[in-house]
Amino acid sequence: HPARDVAFAKSIGLTGIDIIANDHSAAREPRRFDIRPTQQIVTLATMARDAGLDVHLMSWIMPHKRYIKEAADVLPELMAKTGARSLVWDAEEPWTLARKRLRYSEAGALVGELFAVREFEMGATGIRYAPTAKLAPLVAVCDYMVPQCYSTRTSKADPSTVVSRGLVTWRKKFGDGPRFVPGLAAYRQSGIKGHSIRSAMQAAIDNAGEHSDAAIW
């Protein structure tokens, strides 16, 4: 229901949306790269852009040679069709726990090589405590990094400091290269100590706004 979703995004004041192009979250072994039906992605992206929303695409990423090469065959064309501003690699467990993989240095270098010429930005996202050695080669070839600064009732992270802590952690891990764009949680916001749902989300947003890199997003 793209019309419904775009209307909802506009109604709550969003200025952009991220479209998840595939779901490889359970993958650990080498597999083919694929995406959800192209026309559905393009339709949603077109409607969002026509409504004045920025569009970004997110894809899972795995450190396997065939997977990365197939991604490079598919995603640039999809980016062009959708007019998306950037491509975000989700480097969670399919990347960090992958089996029969390239060395992470080789995998990161291959992504950098195959996506060196592009007309869109590229980002990498992962958990706040992601393993440095595994993510650093991927972050190094990206334009921005998205630490998942998630404050929820189960994470116990303070929403008023979660972004600041994420910035410190990721800068220590990955240096001052790619700009910092925090990812915030919009789930499990009830039950955070000392906060209502609204105040918890607002505290995290305010903390993000204290950092110039985050503010430009």
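Keep in mind the model is a prediction, meaning the values are calculated, not measured. For the single chain, residues carry numbers from 1 onward in sequence order.
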Self-check item: From CG (Leu75) to CD (Glu70), nearest 0.5 Å
Solution: 11.0 Å
Quiz item: What's the spacing between Met122 CE and Met145 CE if we round to 0.5 Å?
Solution: 14.5 Å
Quiz item: Is any side-chain heavy atom of Asp23 less than 4.5 Å from a side-chain heavy atom of Trp60?
Solution: yes
Quiz item: Can you tell me how far the NE2 atom of His64 sits from the CG atom of Leu102, to the nearest 0.5 Å?
Solution: 7.5 Å
Practice problem: Can you sort out the partners of Asp143 under salt bridge (Lys or Arg N to Asp or Glu O under 4.0 Å), two or more places apart, ordered by chain and number? | Solution: Arg118
Quiz item: Minimum heavy-atom separation for Pro63 to Ile68, with atom names?
Solution: CA-CD1, 4.3 Å
Practice problem: Could you please spell out the steps behind the side chain to side chain contact (heavy atoms under 4.5 Å, CB included) verdict for His24 and Phe33? | Solution: CA-CA 9 Å; His24 300 159; Phe33 179 86; 4.3 Å; yes
Self-check item: Main-chain N/O of Ser59 paired to Asn22 side chain as donor or acceptor, under 3.5 Å
Solution: no
Quiz item: Just how far is it from atom OG of Ser199 to atom CG of Asp206, taken to the nearest 0.5 Å?
Solution: 10.5 Å
Quiz prompt | Test side-chain contact (heavy atoms from CB on, under 4.5 Å) applied to Thr125 and Val181, Asp18, Val88, the passing residue | solution = Val88
Quiz prompt | Set of salt bridge (Lys or Arg N to Asp or Glu O under 4.0 Å) partners for Arg36, sequence neighbours left out | solution = none
Quiz prompt | Lys81: side chain to side chain donor-acceptor pair (under 3.5 Å) partners, not counting sequence neighbours | solution = Glu77
Quiz item: Should we count CZ of Arg198 as having more than 12 external heavy atoms under 6.0 Å?
Solution: no
Self-check item: For Gln189, all residues meeting side chain to side chain donor-acceptor pair (under 3.5 Å), sequence neighbours excluded
Solution: none
Self-check item: Stepwise side chain to side chain contact (heavy atoms under 4.5 Å, CB included) check, Leu87 with Leu78
Solution: CA-CA 10 Å; Leu87 169 64; Leu78 183 63; over 6 Å; no
Quiz item: Which value, rounded to the nearest 0.5 Å, describes the distance between Met201 atom CE and His195 atom NE2?
Solution: 12.5 Å
Quiz item: For Ala185 and Ser151, which heavy atoms make the closest approach, and how far apart are they?
Solution: CB-O, 4.0 Å
Side-chain donor-acceptor pairs under 3.5 Å in residues 127-139, sequence neighbours left out?
unit_1: Thr132; atom_1: OG1; unit_2: Lys173; atom_2: NZ; d: 3.2
unit_1: Lys134; atom_1: NZ; unit_2: Thr96; atom_2: O; d: 2.7

Quiz item: For Ala48 and Val55, which heavy atoms make the closest approach, and how far apart are they?
Solution: CB-CG2, 3.8 Å
Quiz item: Between Gly183 and Val146, which heavy-atom pair has the shortest distance, and what is it?
Solution: N-CG1, 3.6 Å
Practice problem: Would you kindly confirm whether Ile205 and Leu167 end up in one hydrophobic cluster when ILVMFWY residues are joined by side chain heavy atoms under 4.5 Å apart? | Solution: yes
Quiz prompt | For Phe174, all residues meeting ring pair (Phe, Tyr, Trp, His ring centres under 6.0 Å), sequence neighbours excluded | solution = Trp170
Practice problem: Check the pair Ile17 / Asp5 against side chain to side chain contact (heavy atoms under 4.5 Å, CB included), numbers first and verdict last. | Solution: CA-CA 10 Å; Ile17 62 169; Asp5 294 341; over 6 Å; no
Self-check item: Other residues, nucleotides, ligands: >12 heavy atoms within 6.0 Å of Ile20 CD1
Solution: no
Quiz prompt | Side chains of Leu57 and Ile41 in contact at under 4.5 Å (non-hydrogen atoms) | solution = yes
Self-check item: Partner residues of Asn207 under the side chain to side chain donor-acceptor pair (under 3.5 Å) criterion, sequence neighbours left out
Solution: Ser164, Glu210
Self-check item: side chain to side chain contact (heavy atoms under 4.5 Å, CB included) involving Gln39 - partner list, sequence neighbours excluded
Solution: Val42, Thr43
Quiz item: Got a donor-acceptor contact below 3.5 angstrom from the Ser11 side chain to the Phe8 backbone?
Solution: yes
Quiz item: What residues, two or more places apart in sequence or in another chain, satisfy salt bridge (Lys or Arg N to Asp or Glu O under 4.0 Å) together with Lys100?
Solution: Glu29
Table please: side-chain donor-acceptor pairs of residues 105-117 below 3.5 Å, with sequence neighbours left out.
unit_1: Glu106; atom_1: OE1; unit_2: Arg103; atom_2: N; d: 3.3
unit_1: Glu106; atom_1: OE2; unit_2: Arg103; atom_2: NH2; d: 2.9

Quiz prompt | Closest non-hydrogen atom pair, Cys142 against Trp89 | solution = SG-CD1, 4.2 Å
Exercise. State the CE-CZ distance between Met62 and Arg32, to the nearest 0.5 angstrom.
Key: 14.0 Å
Quiz item: If every non-hydrogen atom of Val6 is compared with every non-hydrogen atom of Ala51, which pair is closest and at what distance?
Solution: CG1-CB, 3.6 Å
Quiz item: Tyr104 vs Trp95 aromatic rings, parallel, tilted or perpendicular, using cut-offs 30° and 60°?
Solution: tilted
Quiz item: So Cys149 and Arg165, side chain to side chain contact (heavy atoms under 4.5 Å, CB included) or not? Walk me through it.
Solution: CA-CA 8 Å; Cys149 302; Arg165 290 177 179 273; over 6 Å; no
Quiz item: So, the side chain of Thr152 versus the backbone of Arg188: is there a donor-acceptor pair under 3.5 Å, distance only?
Solution: no
Quiz item: Taking only residues two or more places apart in sequence or in another chain, which ones pass salt bridge (Lys or Arg N to Asp or Glu O under 4.0 Å) with Glu93?
Solution: Arg28
Self-check item: Connected via hydrophobic side-chain network under 4.5 Å: Met79 and Val141
Solution: yes
Quiz item: Can you name the residues that form a side chain to side chain donor-acceptor pair (under 3.5 Å) with Asp73, not counting sequence neighbours?
Solution: none
